[in-house]
Number of protein chains: 2
Amino acid sequence: MNEPTRRARSGERREQILEVALRLFGERGAGNVTTRQIALAVGISQPSLYAHFASADAIAEELCVRAFDALHARFAAKLIDVDDPWQRIDILGRSYIEFGLEHPDMYRIAFMPTRETAPPPDVTFDLATCDPGMAAGLHAFAALRDPVVRICGRDDAAIGVISQAIWALVHGLTALLISKPYFPWAERETLIEAVLAMARAYLADQRVTD
Amino acid sequence: MNEPTRRARSGERREQILEVALRLFGERGAGNVTTRQIALAVGISQPSLYAHFASADAIAEELCVRAFDALHARFAAKLIDVDDPWQRIDILGRSYIEFGLEHPDMYRIAFMPTRETAPPPDVTFDLATCDPGMAAGLHAFAALRDPVVRICGRDDAAIGVISQAIWALVHGLTALLISKPYFPWAERETLIEAVLAMARAYLADQRVTD
DNA sequence: GATGATAGCCTATCGCTGATAGGTCATTAG
DNA sequence: CTAATGACCTATCAGCGATAGGCTATCATC
């Protein structure tokens, strides 16, 4: 054990690679990090990365999955003992936006991919086999469904449309703030409040009145 | 003039490159087109492209600027002899979303860039010197400002927030439909209507009542 | 302890990318 | 006719993700 960075155990090395990659992503942006840079920072050769990950994208993908697990946990933590559906939607929206701004690289990978994610594998849509970004989206989405049902009733088609429209709204602000950081935006908190107010206004119109 | 693809005039060649690039972008997606593919399709060598464009990105950027000029023209054409501000916002939003769906590659380049666009050149923001995507955004944005003022009054700060929130909304739907085409979306027209209804609901709440 | 299998790591290399250097030659102005 | 311009070429570069194949530390087994 004279050289600390050699002959690490597989699991440890894998974890080490992920840590280094996450740090480099944060420093330079995910798109500006190469496999050689990661390998150099870890202290191994570039091809050695492929003993632990199938491809360069697989590293980013794993970090992405972990980040979205954190988002899921944040949802659960903040929603506990909050019953009011209006408040729940507020919390979901705000948590989602804040998460995207805190982890812009992960958000990019999941929801702002450069290429189209995948060809249609089959007609039906399967949560288990789709890409991680899609899965993350469906999860965030599922959390939205419940309070929307409580406010707007149980018409399945309508619930889908309303949920998707709200998702589009919060995604839109998140994505624009990430990709256009130097645009002369209004104050951030005010913008978030405006977006949440927009969701509420829409939901109030769609509310079941019977 | 025995060989039609040799010794073309500079302006014609430049135009020819743009045409070919646009076609290839449409066929394979902007991210999957290389300079060698463009040069091959044009009938010249790959380095010859650099006699007409400073970089590969410059080709995409020029196409992008042209596409957004088209969007601007579409706005103007559809808004002519429509006075009602509610209707104008409806038209703006719908045109914007449809434009993004018709030109997904151009929309990506302008509003969903892989990297951050530019470091802050100076504190003040200048429309003329910013990147084309930014300029396009500000143009779309400016068109929104007028009807928002007519509905919500002239409080400058509030107008900015409201306009930006509406931009986020329509961008969100456009971006998600582009980047997640295989997501089990509701019917597209219904979604667009929902998003426009959301904007209206919000504007109604923000309307000046005095 | 010696032996063989496993697996972590290496060097060398591939094909591809965007971009540059420098020479060739058709066109055109004087 | 000559000289300058500039559109075009081949050759080449550095960097990218990924693969092939050899070396060797570790560990279960005899």
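So that the names make sense, note that chain A is the first sequence line, chain B the second, and so on, each numbered from 1.
- What separates CD of A/Glu12 from C1' of D/dA25 is a distance of 15 Å, to the nearest Å.
- Using a 4.0 Å cut-off between charged nitrogen and carboxylate oxygen, B/Arg66 and B/Glu15 count as a salt-bridge pair.
- In this structure, B/Phe141 and B/Trp167 have tilted ring planes: the angle between them lies in the 30° to 60° band.
- Looking at heavy-atom distances under 4.0 Å, B/Thr34 makes contact with sugar-phosphate atoms alone, never a base.
- Applying the 4.0 Å criterion to OP1 and OP2 of C/dC10, one finds that A/Ser48 has a side-chain N or O inside that range.
- Rounded to whole Å, atom P of D/dT12 lies 14 Å from atom CZ of B/Arg36.
- Computed from coordinates, the B/Ile38 CD1 to C/dC16 P distance equals 17 Å when rounded to whole Å.
- In this structure, CG of B/Asn32 is placed 11 Å from P of C/dG18, rounded to the nearest angstrom.
- Protein atom CD of B/Gln46 is 8 Å distant from nucleotide atom P of C/dA19, rounded to whole Å.
- Look at B/His52 and you won't find any side-chain N or O under 4.0 angstrom from OP1 or OP2 of D/dG6.
- Map A/Gln37 and A/Ala54 each onto its nearest nucleotide of DNA chain D; the residue landing nearer the 5' end is A/Gln37.
- Rounded to an integer number of Å, the gap from A/Glu15 CD to C/dG8 P is 15 Å.
- Relative orientation of the A/Phe75 and A/His72 rings is perpendicular, given thresholds of 30° and 60° on the angle between their planes.
- What separates CD1 of B/Ile44 from C1' of D/dC9 is a distance of 11 Å, to the nearest Å.
- Summary of the strand contacts: A/Pro47 and B/Tyr50 both lie near DNA chain C, and taking for each the nucleotide with the nearest heavy atom, the more 5' one is attributed to A/Pro47.
- In this model, the phosphate group of C/dA7 is not approached by any side-chain N or O of A/Arg13 to a distance below 4.0 Å at OP1 or OP2.
- Ion pair A/Arg188/A/Glu98 not flagged as a salt bridge, since none of the NZ, NE, NH1 or NH2 atoms sits closer than 4.0 Å to an Asp/Glu carboxylate oxygen.
- Residue contacts for A/Ser45: at a heavy-atom cut-off of 4.0 Å it reaches a base atom on one of the strands shown.
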